[in-house]
Amino acid sequence: MVEKKKTTIILFSGDYDKAMAAYIIANGAAAYDHEVTIFHTFWGLNALRKEELVPVKKGFMEKMFAKMMPRGADNMGLSNMHFAGMGPRLIKNVMKKHNAVPLPNLIEMAQEQDIKLVACTMTMDLLGLQQEELLDGIEYAGVAAYLADAEDGNVNLFI
């Protein structure tokens with residue numbers, strides 16, 4: 001029996017375009033029958049945040065991080081050409097014109113393809129994020145779990 005190829009991606013960036021790239025690669029790898037893991041850490045966790053405000057108890061610093069970080073994949077900024085907030089709207093219009101799949105839909109596709117979406121628990125603690133604030137159906141783990149997946153990986157990416 002042929003063993004499945006494995007692809008692992010660390011999504012560190014909170015930029016819309018970089019998260020899109022990670023999810024396009026992940027969905028493509030899954031379509032090629034790879035076992036895929038995306039490990040979301042630091043600003044990459046924003047892709048997993050729910051868009052709606054989830055009432056959870058937080059300390060002062062956690063509240064400040066929550067206010068500064070975008071809620072949900074569709075609210076993430078661009079890495080370049082942000083143009084005081086206009087860049088994301090412009091790129092989304094261009095994507096719509098060219099029938100490109102937006103990031104929230106790429107995340108849904110990933111879940112439908114059983115791509116393992118992992119939230120870094122250490123970073124969640126640092127940023128004051130709680131499981132209730134993140135999408136349903138994801139996993140929670142630390143770096144050791146990522147390394148266990150990456151150790152057998154045929155493709156390992158850091159985005």
(Q) I want to check something: taking the side chain as every heavy atom from C-beta on, are Phe39 and Leu147 in contact at a cut-off of under 4.5 Å? (A) no
Q. At their closest point, which heavy atom of Ala47 faces which heavy atom of Leu135, and how far apart are they?
A. O-CD1, 4.2 Å
Q | Minimal non-hydrogen separation, Ile115 against Ala26, with atom names | A | CD1-O, 3.4 Å
Q: Determine yes or no for a side-chain-to-main-chain donor-acceptor pair under 3.5 angstrom, with Asn75 supplying the side chain and Pro70 the backbone.
A: no
**Q.** Gap between atom CG of Asn46 and atom CG of Leu134 - 0.5 Å precision
**A.** 9.5 Å
(Q) For Asp33, give me all partners under salt bridge (charged side-chain N to carboxylate O under 4.0 Å, His left out), at least two apart in sequence or on another chain. (A) Lys4
Q. Do you know which two heavy atoms are closest between Ile138 and Ala119, and how far apart they sit?
A. CD1-CB, 4.2 Å
Q. Side-chain heavy atoms under 4.5 angstrom apart, residues restricted to Ile, Leu, Val, Met, Phe, Trp, Tyr: same cluster for Val101 and Val36?
A. yes
Q. For the residue pair Cys120 and Leu45, what are the closest heavy atoms and their distance?
A. N-CD2, 4.0 Å
Q) Which distance, rounded to the nearest 0.5 Å, do you find between the OG1 of Thr7 and the CD of Glu35? A) 9.5 Å
Q. Do Leu53 and Leu129 sit in the same hydrophobic cluster, where Ile, Leu, Val, Met, Phe, Trp and Tyr count as joined when their side-chain heavy atoms come under 4.5 Å apart?
A. no
Q) Going from NZ on Lys18 to CD1 on Ile159, what distance comes out if it is rounded to the nearest 0.5 angstrom? A) 9.5 Å
(Q) Is there a path of hydrophobic side-chain contacts, each under 4.5 Å between heavy atoms of I/L/V/M/F/W/Y residues, joining Leu126 to Val56? (A) no
Q) Less than 4.5 Å apart, any side-chain heavy atom of Met122 and any of Val143? A) no
**Q.** CG-OH distance between Asp74 and Tyr16, expressed to the nearest 0.5 angstrom
**A.** 5.5 Å
Q.
Side-chain heavy atoms nearer than 4.5 Å, only ILVMFWY residues, links allowed to pass through others: does that put Leu48 and Val54 together?
A. no
Q.
Can you tell me how far apart CD1 (Ile9) and CG (Asp149) are? Round to the nearest 0.5 Å.
A. 12.0 Å
**Q.** Over 12 foreign heavy atoms within 6.0 Å of CD, Glu3
**A.** no
Q: Indicate the atoms forming the closest heavy-atom contact of Ala22 with Ile38, along with that distance.
A: O-CD1, 4.5 Å
(Q) If I compare all heavy atoms of Asp15 with all of Ser79, which pair ends up nearest, and what's the gap? (A) OD2-CB, 3.2 Å
Q: Kindly work out whether a path of hydrophobic side-chain contacts (I/L/V/M/F/W/Y, heavy atoms less than 4.5 Å apart) joins Val94 to Ile24.
A: no
Q: First locate atom NZ of Lys67, then atom CE of Met64, and finally report the distance between them rounded to the nearest 0.5 Å.
A: 5.5 Å
Q | Inter- and intrachain pairs under side-chain hydrogen bond (donor to acceptor under 3.5 Å, both in side chains), touching residues 119-147, at least two apart | A | Thr8-Tyr146, Thr41-Thr123, Lys58-Glu133
Q: Sort and list the pairs that fulfil side-chain hydrogen bond (donor to acceptor under 3.5 Å, both in side chains) and have at least one residue in residues 19-30, not counting sequence neighbours.
A: Tyr23-His40, Asn27-Gln113
Q | Backbone N/O of Glu51 and side chain of Arg71: donor-acceptor pair under 3.5 Å | A | yes
